[in-house]
Amino acid sequence: MIEIRGTLFDEQTIAKKVKELADRISTDYAGKDLVLVCILKGAVVFMADLMRCLSMPVAIDFVRAASYGVSTEPSRNIVITKDIETDIKGKHVLLVDTIIDTGETLHCLLEKMKGKGPASLEVVVLLDKKPRRTVAVTLAYRGFEIPDVFVVGYGVDCAEQYRNLPYISVVRMNPDA
Ligand code: IMP
Ligand code: MG
């Protein structure tokens, strides 16, 4: 059982921030060959909104990472269960995720993507749960900094539920426990 505790970011606030990030990306990558890589599943909603706010054509691809072990442990075993299909050698790549927590997933994906020889490799995240970071990750584009709370909505789940909420909420786990 979980309890949804109000709205942290409503649809309008999210849309405004996504537009801001997209405007910066459009300026920075103008005239460049950009590939957006969506980190499944959590980034599908953010990716869909972000790419529609960009002013230039982009290629898109998808990667899925699964992590084994618990998030409170310093190092988890992260494996790619679905890799990108695009040849990113010599191309500008932007990894798109909705939330960064410990940073382990993005750190691991950045290492793996670097090996494919992109011309550049950067990250855009909507939510940065900075107090939880265990590994340094450079975020070229970041929407909101949030405290150490568990959120759902806008693609982000709790046990695979709530990804379809159009806003972002904080949840409290086991309210009856
Ligand atoms: P990291 O490797 O610890 O940075 O984990 C990032 C991933 O953990 C995100 O892409 C989410 O899938 C998941 N995650 C982190 N914080 C939350 C949260 O508050 N709600 C739901 N999923 C989260
Ligand atoms: Mg999840």
Side-chain angles (χ1 to χ4, degrees), residues 1-11 13-14 17-18 21-22 25 35-51 60-84 93-115 121-177:
M1 224 357 229
I2 70 162
E3 182 193 327
I4 303 281
R5 304 184 106 187
T7 303
L8 185 59
F9 300 110
D10 64 21
E11 288 179 70
T13 309
I14 296 170
K17 185 59 78 176
V18 171
L21 293 168
I25 293 166
V35 183
L36 295 179
V37 174
C38 172
I39 303 175
L40 294 170
K41 305 174 190 172
V44 281
V45 179
F46 179 39
M47 171 88 159
D49 284 348
L50 184 75
M51 68 186 202
I60 65 165
D61 210 331
F62 300 85
V63 65
R64 172 118 169 97
S67 69
Y68 298 98
V70 282
S71 58
T72 46
E73 281 174 7
S75 195
R76 285 175 287 155
N77 186 21
I78 291 158
V79 291
I80 291 184
T81 54
K82 188 244 169 283
D83 206 348
I84 55 169
V93 174
L94 189 54
L95 277 180
V96 181
D97 208 351
T98 309
I99 185 164
I100 179 170
D101 186 23
T102 64
E104 301 265 357
T105 308
L106 271 166
H107 175 77
C108 169
L109 285 173
L110 282 166
E111 288 305 307
K112 302 214 163 152
M113 294 295 150
K114 247 182 237 168
L121 181 60
E122 298 293 349
V123 174
V124 54
V125 293
L126 184 66
L127 305 175
D128 178 10
K129 209 191 280 186
K130 210 174 168 191
R132 293 255 311 154
R133 199 67 37 78
T134 57
V135 54
V137 175
T138 303
L139 304 172
Y141 309 94
R142 179 181 64 166
F144 303 103
E145 213 178 293
I146 62 166
D148 182 7
V149 289
F150 198 83
V151 298
V152 292
Y154 202 67
V156 177
D157 76 307
C158 179
E160 292 302 326
Q161 300 294 306
Y162 304 105
R163 291 192 196 275
N164 57 307
L165 290 178
Y167 49 86
I168 294 163
S169 281
V170 175
V171 299
R172 187 158 74 98
M173 313 293 251
N174 302 320
D176 299 322

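Every value quoted in this text rests on a predicted model; they were computed, and no experiment measured them. Any value given below was found using the heavy atoms of this structure, including those in side chains, with hydrogens, waters and symmetry copies removed. We count ligands from 1, going down the list as the structure has it; atoms in each ligand are counted the same way.
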Task: Residue portion contacting ligand 1 (non-hydrogen atoms closer than 4.0 Å) for V156 - done: side chain
- [ ] Provide the closest heavy-atom pair for D101 versus R133 in the form atom of the first, atom of the second, distance.
- [x] O-NE, 3.0 Å
Open item on the list: Just to be sure I'm reading this right: ignoring hydrogens, which of T105, V137, T134, I146 gets closest to atom 2 (O) of ligand 1? Compare them by their nearest heavy atoms.
Closed with: T105
Open item on the list: Quick check on contacts: which atoms of ligand 1 are under 4.0 angstrom from a heavy atom of K129?
Closed with: 16 (N), 17 (C), 18 (C), 19 (O)
- [ ] Would you mind running through ligand 1 and noting each atom that sits below 4.0 Å from a heavy atom of V151?
- [x] 18 (C), 19 (O), 20 (N), 21 (C)
Open item on the list: On a heavy-atom basis, which atom in G103 and which in V137 lie closest, and how many Å separate them?
Closed with: O-CG2, 3.6 Å
Open item on the list: As a test of understanding, state which of L21, V123, V125 forms a side chain to side chain contact (heavy atoms under 4.5 Å, CB included) with R142.
Closed with: V125
Open item on the list: Tell me whether G103 has any N or O atom under 3.5 angstrom from an N or O of ligand 1.
Closed with: yes
TODO: Return the orientation label for the F9 and F144 ring planes: parallel under 30°, perpendicular over 60°, tilted otherwise.
DONE: parallel
Task: Residue part near ligand 1, for D97, under 4.0 Å between non-hydrogen atoms - done: side chain
Task: T98 (side chain) donor-acceptor with G42 (main chain) under 3.5 angstrom - done: yes
- [ ] For the Mg ion (ligand 2), find the closest N/O/S atom on D157 and give its atom name.
- [x] OD1
Task: K130 atom NZ, over 12 foreign heavy atoms within 6.0 Å - done: no
Open item on the list: Tell me which one of V96, V124, V93 satisfies side chain to side chain contact (heavy atoms under 4.5 Å, CB included) with L36.
Closed with: V96
Open item on the list: Show the atoms of ligand 1 that are less than 4.0 angstrom away from any heavy atom in V149.
Closed with: 19 (O)
TODO: Please work out which of L109, I99, V171 has its closest non-hydrogen atom nearest to atom 7 (C) of ligand 1.
DONE: I99
TODO: Check each heavy atom of R132 against ligand 1 and say whether those closer than 4.0 Å belong to the side chain, the backbone, both or neither.
DONE: neither
TODO: Please confirm whether I39 comes under 4.0 Å of ligand 1, counting heavy atoms of the residue only.
DONE: no
- [ ] Of the side chain and backbone of D157, name the one, both, or neither that has a heavy atom under 4.0 Å from an atom of ligand 1.
- [x] backbone
Open item on the list: According to salt bridge (charged side-chain N to carboxylate O under 4.0 Å, His left out), who are the partners of E160, at least two apart in sequence or on a separate chain?
Closed with: K41, R163
